Amino acid sequence: MRSFWRFAGGLLALLIAASATAADPAKVLRIAFPVAETGFDPVKVSDLYSNTVNEAIFDTLLTYDYLARPAKLVPKTADGMPEISDGGRTYLIHLKRGIYFAPDPAFKGQKRELVAEDYVYSFKRFADPSNRSPYAFMIQGRIEGLDEATEQAKKTGKFDYDAVIPGMVALDKYTLRFKLTKVDYLFPYTLAHVVFGAVAREVIEAYANDTNAHPVGTGPYMLKEWRRAARIVLEANPNYRQEVWDFQPNADDAWDQRVVAAMKGKTIPQIGRVEISVIEESQSRWLAFNRKELDLLAVPPTFVGEALDDQNNLLPQWTAQNVTLFRAIDPSVGYSFFNFRDPILGGFTKEKIALRRAISMGYELGQEIAVIAKHQEVQAQMPIPYGVVGYDPNYRDVNQYDPALANKLLDYYGYKRGADGYRTLPDGKPMVIHMATGTAAIDREYSELWKRSMDAIGVRMIFDPGKFADHLKAAKACQLMMWQAAWTADYPDGDNFMQLFYGPNTGESNNGCYESKAFDAMYERSLTLSPDSVERQQLFIDMTRQVQVDGAWSLHASPIRNQLIRPWVLGYKKHPILNADWVYMDLEPRS
């Protein structure tokens with residue numbers, strides 16, 4: 001009997017420990033997306049908000065330390081960092097054992113373990129032409145035998161998922177080997193990129209007609225509810241492995257010290273449920289936070305004056321509620337691209353370059369920063385933003401706001417003003433520039449600023465409102481004349497931004513369909529150089545100069561994040577790359 005009670009007591013202790021460490025379903029985090037998601041199949045989506053959800057559902061081989069700054073790669077499902085050999089061309093990766101997918105009918109009641117072959121299959125999906133993946137560019141030309149498999153699929157009309165790819169092999173159940181076509185210093189960032197999280201082949205095949213609605217991964221959360229463009233609900237994955245919060249603070253960082261004090265030693269995740277509302281209107285998001293219907297909020301520019309004083313400190317009404325403020329420049333850059341295949345804006349003739357550069361010089365960016373963003377942006381001088389490798393604080397954009405020079409350029413190259421004040425094309429035909437835009441109030445503010453700016457230089461601009469997903473699809477097909485957008489770092493290196501101009505990425509990440517032999521040659525050279533190379537840094541400057549001289553973008557600004565945090569939210573710190581912050585957070589009872 002004594003032995004029995006000893007056993008029972010031990011069992012009881014285990015049960016108590018298990019219940020104490022499991023995510024609590026009563027802990028519900030409520031947040032909002034300002035733009036609708038597009039879906040949750042990693043191979044098919046490229047927008048920030050879909051991938052924020054995917055980050056919590058799917059596991060990549062590597063990830064980032066939550067607190068380390070600058071961003072630092074660490075293992076995720078890999079059992080240690082990759083073993084690199086063959087002069088940097090071969091990566092050997094061992095998987096942690098006992099990692100399981102979230103339960104799903106596709107597994108027919110069986111608990112499904114993550115194995116090396118799942119990553120092989122997941123990477124192959126990006127090479128399958130039928131998926132038209134916007135992130136296919138990240139593996140093209142990099143892995144031995146993968147491009148050949150893609151070309152074969154184009155010939156036969158079907159990708160052979162059973163064929164062995166020499167550069168991507170599961171050596172055994174838990175060992176994965178990548179062999180690259182050449183030395184690639186950035187490949188570890190690919191292994192950490194959210195879209196390359198592992199999917200299970202049987203799930204993809206079970207939901208082949210609607211993979212965007214059936215994300216099943218090994219990450220800490222799973223999709224519970226999805227009302228498209230309205231509401232997303234995630235719940236903790238009951239099959240998630242034991243993982244303990246154990247990050248080190250940066251020296252002398254008081255914010256980090258508070259985060260560590262609140263979170264160290266807890267299991268991941270703590271929050272049992274995440275409710276995401278799609279609220280496109282800034283006023284509606286602001287009111288929801290005021291009513292305590294949201295637990296976190298990036299302050300919309302329109303309401304900065306109701307949150308912060310002139311020194312960017314929280315107003316007393318918020319400190320009285322114990323709301324805290326996290327403030328940082330996001331590794332993001334806003335821009336408007338020009339379609340280089342458009343008959344009016346596109347091409348490399350001198351008059352077309354002059355038109356694009358004049359439009360860039362005519363846009364009153366200072367008004368965007370001061371009026372629309374309420375001084376919560378910093379002007380971007382190059383496509384690589386602050387905090388990302390390749391950023392040069394001394395570089396200045398060659399297309400600064402200068403409406404007088406813009407007018408002179410247009411006059412010189414034959415864009416004459418008509419009787420109505422608007423310019424014609426050099427051949428005398430009417431000239432109308434179409435700008436794709438959204439439907440929210442802030443989109444209308446941007447449209448009004450663009451119209452005033454273009455009227456001042458005699459350029460007639462018409463705005464075409466529509467849904468983000470529809471505009472994105474049209475951009476991939478080179479069908480938008482202009483579109484104002486933003487790019488946030490997928491990984492903390494300037495390559496992630498320069499690839500947006502690379503000609504072969506047209507139809508994927510190069511939405512402006514910009515194809516310059518001079519730029520492409522410099523970009524390809526940059527890929528062969530070490531990230532800390534002086535030559536590589538100079539190439540980033542030269543590439544920036546090239547795209548600005550060609551007028552590829554009208555470059556705008558990087559946003560300053562003013563994140564309001566309710567007092568019951570523990571462990572928040574915005575990471576420069578990771579976006580599903582709630583994975584590393586906790587909640588106390590609301591007050």
Side-chain angles (χ1 to χ4, degrees), residues 132 134 335-363 383 398-399 403 405-438 443 446-447 450-451 453-485 487 500-520 546-556:
R132 297 183 179 86
Y335 60 92
S336 294
F337 69 73
F338 302 99
N339 181 356
F340 271 66
R341 295 186 182 177
D342 182 81
I344 293 176
L345 281 178
F348 287 91
T349 58
K350 291 182 179 179
E351 71 273 8
K352 298 297 182 65
I353 292 174
L355 174 58
R356 293 190 297 268
R357 293 187 65 180
I359 290 173
S360 296
M361 293 177 188
Y363 179 64
V398 303
N399 298 318
L405 181 55
N407 274 307
K408 288 179 181 178
L409 266 177
L410 294 170
D411 289 341
Y412 183 82
Y413 283 98
Y415 295 93
K416 298 178 181 179
R417 287 184 185 265
D420 60 0
Y422 289 111
R423 296 179 184 273
T424 63
L425 294 169
D427 62 6
K429 294 180 181 178
M431 181 175 72
V432 179
I433 306 299
H434 285 262
M435 167 79 85
T437 185
D443 296 310
Y446 279 108
S447 297
W450 267 107
K451 187 176 189 318
S453 298
M454 293 301 98
D455 282 352
I457 62 172
V459 172
R460 187 191 299 274
M461 183 170 279
I462 292 177
F463 303 93
D464 301 324
K467 294 184 179 298
F468 174 84
D470 293 336
H471 286 328
L472 186 62
K473 182 178 180 181
K476 301 300 180 190
C478 302
Q479 293 173 348
L480 294 184
M481 200 171 187
M482 282 185 70
W483 189 23
Q484 186 163 336
W487 188 268
L500 300 174
F501 302 100
Y502 185 47
N505 290 347
T506 296
E508 294 171 356
S509 60
N510 180 353
N511 291 334
C513 309
Y514 171 72
E515 295 172 295
S516 160
K517 291 181 179 178
F519 176 90
D520 289 352
Q546 184 71 53
V547 299
Q548 291 179 346
V549 168
D550 288 340
W553 280 4
S554 173
L555 190 60
H556 300 166

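Remember, it's a predicted structure, so these values are computed and weren't measured experimentally. Just so you know, residue 1 is the first one in the sequence shown, and it goes up from there.
A salt bridge is absent between E508 and R132: the closest approach of a Lys/Arg side-chain nitrogen to an acidic carboxylate oxygen does not fall below 4.0 angstrom. With respect to D455 and R460, no salt bridge is recorded, no charged nitrogen being found less than 4.0 Å from a carboxylate O.
Checked against the 6.0 Å centroid criterion, the rings of W553 and F501 qualify as a close aromatic pair. Checked against the 6.0 Å centroid threshold, W483 and F468 count as a close aromatic pair. Between F340 and F348, the distance from one ring center to the other falls under 6.0 angstrom. Taking the ring centroids of Y363 and H556, they lie under the 6.0 Å cut-off.
Here CG of D427 is found 9.5 Å from CD of E351. Values are rounded to the nearest 0.5 Å. How far CE of M461 is from OG1 of T437: 10.5 Å, rounded to the nearest 0.5 Å. Remark: N505 CG to L500 CG distance equals 8.0 Å, nearest 0.5 Å.
Side-chain contact annotation: Y514 with N339, donor-acceptor N/O pair under 3.5 Å absent. Looking at Y502 and D520, their side chains never bring a donor and an acceptor atom within 3.5 Å of each other.
Contact of the I359 side chain with the L345 side chain is registered, since non-hydrogen atoms from C-beta on lie closer than 4.5 Å. In this structure, Y335 and Q484 have side chains that are not in contact, with every pair of non-hydrogen atoms separated by 4.5 Å or more. R356 has its side chain out of reach of F337: every pair of non-hydrogen atoms, C-beta onward, lies at least 4.5 Å apart. In this structure the side chain of S336 reaches within 4.5 angstrom of the side chain of M435, judged on heavy atoms. Side-chain atoms of L480 and D342, non-hydrogen and from C-beta on, never get closer than 4.5 Å to each other. Side-chain atoms of T424 and K429, non-hydrogen and from C-beta on, never get closer than 4.5 Å to each other. Residues Q479 and R341 form no side-chain contact, since every pair of their non-hydrogen atoms from C-beta on lies 4.5 Å or further apart. The closest side-chain heavy-atom distance from L410 to I457 is below 4.5 Å.
When all heavy atoms are compared, the tightest approach of F463 to S447 is CZ-O, 3.2 Å. Listed here is the closest heavy atom pair of R417 and N407: NH2-OD1, 3.0 Å. Of all non-hydrogen atoms in M431 and I344, the two that sit nearest each other are CG-CG2, 4.1 Å. Taking every heavy atom of both residues into account, H434 and D464 meet most closely at ND1-OD2, 3.1 Å. Nearest heavy-atom pair across D550 and S516 is OD2-OG, 4.0 Å. Nearest heavy atoms, M454 versus G362: CE-C, 3.8 Å.
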Exercise for the section: Determine, step by step, whether Y415 and L355 satisfy the side-chain contact (heavy atoms from CB on, under 4.5 Å) criterion, reporting the C-alpha distance in whole Å, the side-chain angles of both residues, the deciding distance to 0.1 Å, and the verdict. Expected result: CA-CA 8 Å; Y415 295 93; L355 174 58; 3.6 Å; yes

Practice task
Please step through side-chain contact (heavy atoms from CB on, under 4.5 Å) for the pair F519 and V547, ending with a clear verdict.
Solution key: CA-CA 7 Å; F519 176 90; V547 299; 3.6 Å; yes

Exercise for the section: Test side-chain contact (heavy atoms from CB on, under 4.5 Å) on R357 and V398 and set out the steps. Expected result: CA-CA 9 Å; R357 293 187 65 180; V398 303; 3.7 Å; yes

Practice task
I would like to know whether K467 and L472 meet side-chain contact (heavy atoms from CB on, under 4.5 Å); could you show each step before the answer?
Solution key: CA-CA 9 Å; K467 294 184 179 298; L472 186 62; over 6 Å; no

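At least one donor-acceptor pair closer than 3.5 Å links the side chain of K352 to the backbone N or O of P343. Side chain of H471 to main chain of A436: no donor-acceptor pair is present (N/O by atom type, distance under 3.5 Å, no hydrogens or angles).
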